[in-house]
Amino acid sequence: MIPRFFVPSPCRILGIETSCDETAAAVVTDGFDVASSVVSSQVDLHARFGGVVPELASRAHVQLLNPVVAEALIEAGCAGSDIDAVACTIGPGLVGALLVGVSAAKAFALAWGVPFVGVNHLEAHLYAAFLEEPDLRPPLVLLLVSGGHTLLVAMDDHLRYRVLGGTIDDAAGEAFDKVARFLGLGYPGGPAIDRLAMDGDPAAVAFPRALLDEGYDFSFSGIKTSVLTYGRKHPDCPAADIAASFQEAVVDVLVTKARRAARQVGATGLCLAGGVAANSVLRERLLDACIADGLRAFVPSRDMCTDNAAMVAATAWWRLRADGPTPLGAGAEPGLRFPCD
Ligand code: KG4
Ligand code: ZN
């Protein structure tokens, strides 16, 4: 990637993330060095409703954002005048939640006289891996699995991507959340299934592996229905066995396709990103697959897999050098897609 826009060095970027139910701010220097990363989760606020309530999320962002930004600046040992650019997630996400971060980021940028950078949340999940592995080099295959997205992407160079496949119905995280709700595990479902599955037998039930040998698209709505049907027909089957078998089937499909994609595009490594990348079995299987195939595996720490603002600030550093500042007239884009050529 040839930089087209001059950025100073060191370049301290304040990142802000409010796309869903985490209010986060971070200061990252030169795209790699995390000076601070503060995440205030709203999980407890939404748990009793069994999912994120958009209006509540927006209101909580309004209350939490200023203190979270202040804490990120204090932890990084900086004042507003030390910040060289302000970045925030502009999409995809909940429109009201996004608007809180976008408005605040523009106001900070204007007040401090520095560039504003609007960041794609999906691309930010990818750059979370680069934050922890500065020697990560394309060509890579990225498996991005979150609550709203399941994507298999070929990264040919920095900021240059080809989307190979995505989900045709539910996202992987959505399937985890729905199955968890059926098993009475509450919200968020992914971590609860992950924990429960540790006591279960992954071979107890052979749940379907949709589209396993066909292309790079995914489908997770069938397995969700199979779990519900099986659970109703076999009320005595331990929930841990159902959770472990469901998780096994989802991970099997994700890893099989990612591996095949890496082989086909000649990638040197496989990179995991997004909230579901925090799943223990997925992490283990991807590492095993990479060892078997001679690929480098990039598996961010669990904190970097779930929503945070360090990944937003890191992405902004790459985007600012390539594209320059985002105009202040740009708005939130709830339906933003993964950027590709
Ligand atoms: O990336 P993320 O924090 O937010 C979105 O951008 O969607 O992902 C949240 C998703 C939720 O569906 C949650 O259940 C799932 O990630 N998740 C997990 C685990 N931790 C979070 N899924 C499976 N196993 C986990 N350990
Ligand atoms: Zn996310």
Side-chain angles (χ1 to χ4, degrees), residues 15-24 26 37 39-43 46-47 50-52 54 57 88-94 97-98 101 119-129 142-151 166-167 170-183 185-198 200 202 218 220 223-224 227 243-244 246-255 272-286 299-312 314-315 334-338:
I16 291 175
E17 158 64 42
T18 64
S19 65
C20 189
D21 60 344
E22 256 96 29
T23 315
S37 178
V39 180
S40 173
S41 171
Q42 304 175 10
V43 161
H46 302 285
V52 179
C88 79
T89 295
I90 54 163
L94 303 169
L98 288 166
V119 168
N120 183 314
H121 183 82
L122 302 174
E123 188 174 36
H125 271 301
L126 161 65
Y127 272 93
L142 160 74
L143 175 63
L144 172 56
V145 271
S146 72
H149 298 269
T150 306
L151 281 176
T167 183
D170 291 355
E174 199 178 343
F176 269 92
D177 292 335
K178 286 178 179 167
V179 167
R181 197 175 311 156
F182 169 69
L183 295 176
L185 301 176
Y187 161 88
I193 291 202
D194 197 347
R195 275 192 303 274
L196 182 65
M198 286 175 190
F218 300 90
F220 293 113
I223 184 167
K224 176 196 67 191
V227 172
F246 159 76
Q247 181 173 266
E248 184 68 20
V250 172
V251 167
D252 190 14
V253 174
L254 291 174
V255 174
L272 205 51
V276 182
N279 184 268
S280 344
V281 173
L282 177 57
R283 297 166 76 86
E284 205 179 290
R285 290 295 157 73
L286 196 94
V299 180
S301 65
R302 283 189 166 76
D303 286 349
M304 250 338 140
C305 291
T306 45
D307 289 350
N308 65 84
M311 65 184 195
V312 175
T315 312
L336 196 62
R337 290 172 168 271
F338 195 91

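Residue numbers count from 1 along this sequence. Model, not experiment: these values are computed from the prediction. When reading the values below, keep in mind they use all heavy atoms of this one structure, side chains included, and skip hydrogens, waters and symmetry mates. Remember, it's 1-based here, ligands and their atoms both numbered in the order they're listed.
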For a quick test of reading the model, state the closest non-hydrogen atom pair linking [X] to [Y] and the distance between them.
X    : Y    : answer
G200 : A244 : C-CB, 3.7 Å
N308 : V312 : O-CG2, 3.7 Å
A273 : L142 : CB-CD1, 3.7 Å

key: Set of salt bridge (Lys or Arg N to Asp or Glu O under 4.0 Å) partners for R283, sequence neighbours left out   = none
task = Return yes when E22 approaches ligand 1 closer than 4.0 angstrom through a heavy atom, no otherwise.
result = no
May I ask you to identify the nearest protein heavy atom to [atom], giving residue, atom name and distance to one decimal place in Å?
atom                    : value
atom 4 (O) of ligand 1  : D307 OD2, 3.4 Å
atom 10 (C) of ligand 1 : G147 N, 3.4 Å
atom 21 (C) of ligand 1 : G275 O, 3.3 Å
atom 22 (N) of ligand 1 : G190 CA, 3.3 Å
atom 12 (O) of ligand 1 : D177 OD2, 2.7 Å

Which one holds for [X] and ligand 1: side chain close, backbone close, both close, or neither close, with close meaning a heavy atom under 4.0 Å?
X    : result
D194 : side chain
R302 : neither
H149 : neither

task = On the 0 to 90° scale, with breaks at 30° and 60°, tag the H121-H125 ring pair as parallel, tilted or perpendicular.
result = perpendicular
remark   = Within a strict 2.8 Å cut-off of the Zn ion (ligand 2), protein N/O/S atoms tallied 3
